[in-house]
Novice: 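Please read through the structure below; I'll follow up with questions.
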Amino acid sequence: MEVVDSLPQRLNVLALTAHQSCQELVAQACRFRPRWAIATDGSSAQRADWSRLPDQTQLLVGIDGLRQVVTHPDVDVVVAAIVGSAGLTGAWHAVQSGKTLALANKETLVMAGPLVMAEAARCGATILPIDSEHSAVFQALQAGRREDLRRVVLTASGGPFREFTRQQLDQVTVDQALNHPTWLMGPKITVDSATMMNKALEIIEARWLFGLDPDQIQVVIHPQSVIHSLVEFRDGSVVAQLSPPDMKLPIQYALTYPERVECPSDKFDWTEAFTWDLSPPDEQRFPALTLGHEVARLGGTSGAVLNAANEAAVEAFLAGQIRFTDIVPACRAVLEHHHFDPSPSLDELWKLDAWARREITTWTGI
Ligand code: MG
């Protein structure tokens, strides 16, 4: 919203969507006066007070409203920023109608990377990453030819527990896990950042988005979250994208690409001294990374299963039902017990998504 506010000549909000947060949707609609407001959760929409919705804004309810709007000919860019597998439906319709998809929802590619990328190619859709690491890779890739790329290095803050021992990790509380050192985010992604499952999902996202061999993707720990990722070319030259941790920059870049314009994001003060650290991750303490590489290699149904299992496991952790260190082993157990299909349909992925959420209770004893 701040990015749109700073570029009024250039960006016009045609539609806003929410699931249950109807009051926030009304507040945002009052500010941006879109043609459509979409509330995807019918029962929340029924209970909500829409009296303050601007006259020119038409209210649409349910997933059908979402489909209508993201495929509308007047829409150029769809920003998919819903957390979790719920983001796939809107993103899929946007891709099918050949839109530019500004993608913050990594689950779209984690769940259905090969299907989404193939459909984008078939329908002439462009997918531009908003996830900060992938935006960095996308920007850095422009420094060289694609065939000269050796590898991509994704940076990870390491989360609040990067120095914790295995014993300390066992004792992690919900409050501790929700307290991220550099990024202020929703609870799901904050826990994912603490387990490093977020980075695992980003390995899978990068694999499909950039068409990489999983072995070309490496992770380094960089606690300051300033170097957003790096690409290494054949000759050993490494190109990185840096900026103070502020999502407004990757969001704006996806909205103005290939142009760069003034951005309301934080800037470096080069009269100050900086120290930035980079170190390899410890996959013994953070086994999610190993799992991420395995799933990136397997493809097929494994991404959808890992993602759903993790969503359910994080929910169970937040509800106090399982320990922090149970999350990743539970995901692995569910993954290893699913019927793997190397080239599933979207329908099959949705069925497995539901299956994995149920199955997680077997492996966590809840
Ligand atoms: Mg990210």
Side-chain angles (χ1 to χ4, degrees), residues 3 79-88 91 101-111 113 116 127-141 151-162 177-210 212 214 217-231 240-255 257 263 265-266 276 278 281 286 288-289 291-293 295-296 303 306-307 310-311 314:
V3 169
V79 178
I82 298 167
V83 71
S85 60
L88 176 57
L101 178 67
L103 190 63
N105 172 269
K106 64 196 73 177
E107 292 83 354
T108 295
L109 292 176
V110 170
M111 286 179 73
V116 170
I127 302 178
L128 299 173
I130 285 182
D131 203 350
S132 59
E133 294 79 358
H134 302 73
S135 175
V137 169
F138 179 63
Q139 294 177 58
L141 280 174
R151 63 184 149 186
V152 159
V153 182
L154 301 176
T155 51
S157 72
F161 314 130
R162 67 174 190 282
L178 290 180
N179 189 11
H180 193 274
T182 47
W183 293 104
L184 182 61
M185 307 174 290
K188 160 69 168 52
I189 192 168
T190 303
V191 175
D192 283 351
S193 176
T195 57
M196 295 201 69
M197 185 60 88
N198 183 52
K199 211 51 54 179
L201 301 179
E202 288 181 353
I203 292 170
I204 303 162
E205 180 187 10
R207 189 248 187 279
W208 302 120
L209 183 62
F210 301 114
L212 300 168
I217 308 169
Q218 244 172 293
V219 171
V220 294
I221 303 295
H222 167 53
Q224 292 86 8
S225 304
V226 162
I227 305 169
H228 298 298
S229 278
L230 316 92
V231 306
Q241 189 266 329
L242 289 73
S243 53
D246 183 337
M247 286 307 296
K248 287 194 280 291
L249 182 61
I251 292 167
Q252 175 173 302
Y253 189 66
L255 293 175
Y257 172 80
C263 182
S265 64
D266 296 340
W276 294 326
L278 293 162
F286 295 99
L289 293 173
L291 205 51
H293 265 115
V295 168
L306 172 66
N307 177 65
N310 180 54
E311 280 187 31
V314 169

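Order of listing sets the numbers, starting from 1, for every ligand and every atom in it. Numbers here simply count residues along the sequence, with the first being 1.
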Novice: Just to verify, what does Ala86 make a side-chain contact (heavy atoms from CB on, under 4.5 Å) with, not counting sequence neighbours?
Specialist: Ile82
Novice: Mark yes or no for whether His134, through its side chain, and Ser229, through its backbone, hold a donor-acceptor pair below 3.5 Å.
Specialist: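 Flag not set: sc His134 to bb Ser229 has no pair under 3.5 Å.
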Novice: In terms of side-chain heavy atoms, does His228 have a donor or acceptor partner in Thr155 at a distance below 3.5 Å?
Specialist: no
Novice: What protein atoms of element N, O or S are positioned under 2.8 Å from the Mg ion (ligand 1)?
Specialist: Asp131 OD1, Glu133 OE1, Glu202 OE2
Novice: So, for Phe138 and Tyr257, is the gap between ring centers shorter than 6.0 Å?
Specialist: yes
Novice: Sequence neighbours left out, what passes side chain to side chain donor-acceptor pair (under 3.5 Å) with Glu202? Give chain and number order.
Specialist: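 Result, side chain to side chain donor-acceptor pair (under 3.5 Å) vs Glu202: Lys106, Asn198, Lys199.
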Novice: List for me each residue that meets side-chain contact (heavy atoms from CB on, under 4.5 Å) alongside Ala254, sequence neighbours excluded, and say none if there are none.
Specialist: Ala102, Leu128, Ile130
